[in-house]
Amino acid sequence: MNPAQQQAVRYLDGPSLVLAGAGSGKTRVITSKISYLVGQCGYEPKSVFAVTFTNKAASEMRERLIKMLGAERVLELNISTFHSLGVRMLREESKAAGLKTGFSVMDAQDCFGLIQSLVASTDKARLKAIQQQISLWKNALLDPDAATHSAQNAMMMDAARVYHSYQTSLRAYQAVDFDDLIMLPCQLLADNEDVREKWQNRIRHLLIDEYQDTNACQYELMRHLTGVRAMFTAVGDDDQAIYGWRGATMQNLARLQDDYPVLKLIKLEQNYRSTQTILAAANHLITRNPKLFPKQLWSDLGTGEAISVSRMDGELEQAQAVAIRLSAARTEKRATWKDFAVLYRSNQQARAMEQALRDLRIPYTVSGGQSFFDKAEVRDILAYLRLVANEQDDPAFIRAATTPRRGIGQATLQALGEYAAKRHISMFAAACEQGAQAAINPKQLQALQTFVGFLQRYAMRASQPASREHVATLLDELMAAINYEHYLYDVSSDDRAARMRWQTVLELLDWLKSRATESNWSLSELVQHVALITMLERQGEQSPDAVTLSTLHAAKGLEFPHVYLIGVEEGLLPHLGRESDEDSLAGGPERIEEERRLMYVGITRAQRSLHLTWCARRRRGGQDQACEISRFVAEMGLEQQPAVADPGASLTPKGRLDMLKAMLLKPGAS
Ligand SMILES: Nc1ncnc2c1ncn2[C@@H]1O[C@H](COP(=O)(O)OP(=O)(O)OP(=O)(O)O)[C@@H](O)[C@H]1O
Ligand SMILES: [Mg+2]
């Protein structure tokens with residue numbers, strides 16, 4: 001620890017803010033401070049709370065602390081994301097929050113489905129815009145009434161109307177969305193003095209990582225949790241604020257100084273992560289942005305390898321070239337796969353890369369992307385299976401009851417939800433009780449009874465001891481009963497899209513069947529097992545030695561010896577498209593500045609080598625278009641290097657790949 005870091009760790013006279021650039025040891029300060037508080041100052045572990053940005057960051061922090069404090073004490077520490085802290089508060093305070101203890105958390109996809117059924121529209125862009133607007137309001141702590149007042153145009157009025165019925169539905173289902181996980185605890189602390197005192201007394205010190213990306217709601221939550229004693233340590237970097245589009249506000253950094261005049265500001269200037277070459281490029285780039293807080297980062301890790309910039313013909317060539325260079329570099333540098341990361345601006349870029357890595361049999365994990373288990377069609381099918389395994393699963397019930405549509409509408413679901421909440425039972429159970437049925441109109445009731453009857457019969461059979469035939473038959477029968485293939489053709493934009501989605505379903509069914517056969521599971525056992533697998537996959541704990549594929553957003557806070565940043569083109573990075581949901585925010589200079597910070601985050605993930613690639617041509621909207629190199633490359637003080645003569649240049653992509661495979665996979669090559 002350098003003197004500034006030590007000062008940050010030992011400072012306990014009041015609130016403090018560590019403001020420093022990438023790789024300067026901010027996260028390390030948090031870990032060391034926790035260890036200092038518990039190990040040397042005698043704080044009870046359970047009185048120390050730390051908030052990180054992702055679950056992965058939280059588990060990394062726990063791992064490091066186990067080495068410093070031992071597993072027993074680390075178990076008692078409260079290290080989590082804002083969202084898991086919110087879940088925990090709501091579970092504990094469910095009564096005060098007006099929720100049943102077993103309330104469910106609906107993820108973004110479930111909520112999208114809810115909005116879709118409320119609006120009864122298939123215009124995806126509109127639905128997404130509404131969902132994002134509701135989220136922004138919640139993050140700004142505005143309830144539906146306040147949102148209606150603040151709405152300035154027709155689109156916002158539209159969204160505010162949906163927001164009203166959306167909240168009513170959530171309440172009826174006893175469900176909360178992700179934003180509620182912050183907003184509800186925040187309101188609870190503001191309104192309920194007993195609850196507030198209880199939590200303030202419990203928390204002796206609160207530490208917050210990646211503070212620059214907190215939004216107004218998280219800021220309020222932090223204020224309520226720490227109260228007038230204000231014992232907290234926040235660490236952040238204004239140059240790495242990349243969640244403006246989600247409502248995070250850098251003003252929170254400035255606000256801290258206003259709200260806490262005694263705030264101790266500590267700056268760290270030495271970077272311990274990257275070579276001087278990498279750091280110089282990062283500094284060069286970020287000086288283009290207006291400065292809130294000027295800082296100067298330096299490193300003594302030597303100049304190291306030069307940054308490479310390569311022009312590629314197209315996306316396919318880029319993916320292949322990166323895969324090949326990566327595996328050559330692994331041999332040459334005697335590195336392991338997990339030393340490498342391939343980073344990109346948007347999720348779609350992963351697909352070509354994954355294909356190329358698979359072709360060369362290079363192990364990889366995708367983080368921050370849409371995994372197989374997040375696809376709508378997979379989740380639809382799994383919702384049915386989840387419900388069969390556990391009738392308490394309300395989000396699964398809602399999803400299955402409405403996908404495909406079978407005449408069960410929002411009014412029915414709301415009636416069921418309200419009845420279930422009053423009686424503290426699941427929606428499925430409510431659907432079987434006469435008390436609830438009385439409140440539902442006859443036509444819908446019939447649809448509901450058919451649905452519930454089918455599920456009950458199906459669940460009986462699914463819990464029988466397994467045989468291979470049995471699970472396979474059950475799955476096929478389910479598909480036929482809900483007519484899912486037909487449904488896909490109904491809701492997809494065209495037949496090709498429907499075919500692809502059906503293909504995904506078949507893949508899922510095959511996988512489920514073979515899993516069931518391998519372990520001789522009943523369908524219910526199988527489904528419980530699947531829930532576990534999806535959870536593990538989400539935490540990226542499956543493959544210990546693998547190349548990381550990640551979006552720039554999801555790479556925040558991480559570091560890798562060797563980083564390949566792909567698709568460094570105008571229009572992609574900076575991203576200027578309008579079609580993706582992240583882009584419904586206003587444009588203007590702030591947009592470019594946020595994109596520049598994103599590039600800065602990407603560069604500063606690299607410890608020893610950094611490689612940029614861009615494509616001269618790319619398919620967009622079904623057309624081949626010429627692309628230009630990103631302005632950021634020049635802003636890093638780099639020039640494009642002359643193309644290296646490529647022995648496969650005259651071959652077709654397939655021929656080229658075969659040749660390279662032969663070169664790489666021949667004995668002794670790795
Ligand atoms: N005093 C130190 N001596 C040696 N290594 C250090 C020191 N401080 C930090 N490091 C190392 O430097 C690297 C970067 O530290 P850390 O991840 O804490 O930086 P950070 O400021 O949180 O970066 P980011 O802004 O990207 O989140 C880590 O590998 C860390 O272990
Ligand atoms: Mg960090």
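Atoms within each ligand, like the ligands themselves, are counted from 1 in listed order. If you're wondering where the values come from, they're calculated on a predicted model, not measured in any experiment.
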- line: Among Met1, Arg273, Gln6, Arg28, the residue with a heavy atom nearest to atom 5 (N) of ligand 1 is Arg28
Identity and separation of the nearest protein heavy atom to atom 13 (C) of ligand 1: Glu559 OE1, 3.3 Å
task: Ignoring angles and geometry beyond distance, decide whether Gly557 reaches within less than 3.5 Å of ligand 1 through its nitrogen or oxygen atoms.
output: no
- prompt: Quick one: does Arg196's side chain have a donor or acceptor within less than 3.5 Å of a partner on Ala190's backbone?
  reply: yes
- request: Would you verify whether the NZ or CZ of Arg204 falls within 45 degrees of the ring axis of Tyr43 while also being under 6.0 Å from that six-membered ring's centre?
  value: yes
task: Could you say whether the N/O atoms of Arg64 and ligand 1 ever approach to under 3.5 Å?
output: no
Test of proximity, Gln607 against ligand 1: N or O pairs below 3.5 Å: no
task: Quick one: look at Arg605 and ligand 1, take heavy-atom pairs under 4.0 Å, and tell me if it's side chain, backbone, both or neither.
output: side chain
query: Do any heavy atoms of Lys556 fall under 4.0 Å from ligand 1?
result: no
task: Could you please spell out the steps behind the ring-ring contact (aromatic ring centres under 6.0 Å, His included) verdict for Tyr36 and Tyr11?
output: CA-CA 11 Å; Tyr36 173 72; Tyr11 187 78; over 10 Å; no
message: Distance alone, cut at 3.5 Å: any donor-acceptor contact between the side chains of Tyr272 and Arg28?
response: no
- prompt: Does a donor on one side chain sit under 3.5 Å from an acceptor on the other, for Thr303 and Gln276?
  reply: no
query: Have Ser24 and Asn271 got a donor and an acceptor in their side chains that come within less than 3.5 Å?
result: no
message: Using a 4.0 Å cut-off to any heavy atom of Gly21, which atoms of ligand 1 qualify?
response: 21 (O)
message: Which residue and atom name correspond to the protein heavy atom nearest atom 19 (O) of ligand 1, and how close is it?
response: Gly25 N, 3.1 Å
task: Indicate whether the side chain of Arg202 and that of Asn78 have a donor and an acceptor atom separated by less than 3.5 Å.
output: no
statement: for atom 8 (N) of ligand 1, nearest protein heavy atom and its distance come out as Gln5 NE2, 3.0 Å
task: Report the part of Lys26 (side chain from C-beta onward, or backbone N, CA, C, O) that has a heavy atom under 4.0 Å from ligand 1; answer both or neither where that applies.
output: both
message: Under 4.0 Å, counting heavy atoms only: does Ala22 come that close to any atom of ligand 1?
response: yes
message: Checking the N or O distance criterion of under 3.5 Å, is ligand 1 in contact with Asp237?
response: no
- line: The protein heavy atom nearest to atom 12 (O) of ligand 1 is Tyr272 CB, 3.2 Å
message: Between His611 and Ser609, do the side chains contain a donor N or O and an acceptor N or O under 3.5 Å apart?
response: yes
message: Tell me if the centroids of the rings in Phe53 and Tyr243 come within less than 6.0 Å of each other.
response: yes
- prompt: Are the aromatic rings of Tyr219 and Phe82 close, with centres under 6.0 Å apart?
  reply: no
- line: Nearest heavy atom to atom 24 (P) of ligand 1, choosing from Ser32, Gly23, Pro3, Ser274, belongs to Gly23
query: Which protein non-hydrogen atom lies closest to atom 22 (O) of ligand 1, naming both residue and atom, and how far is it?
result: Thr27 OG1, 2.8 Å
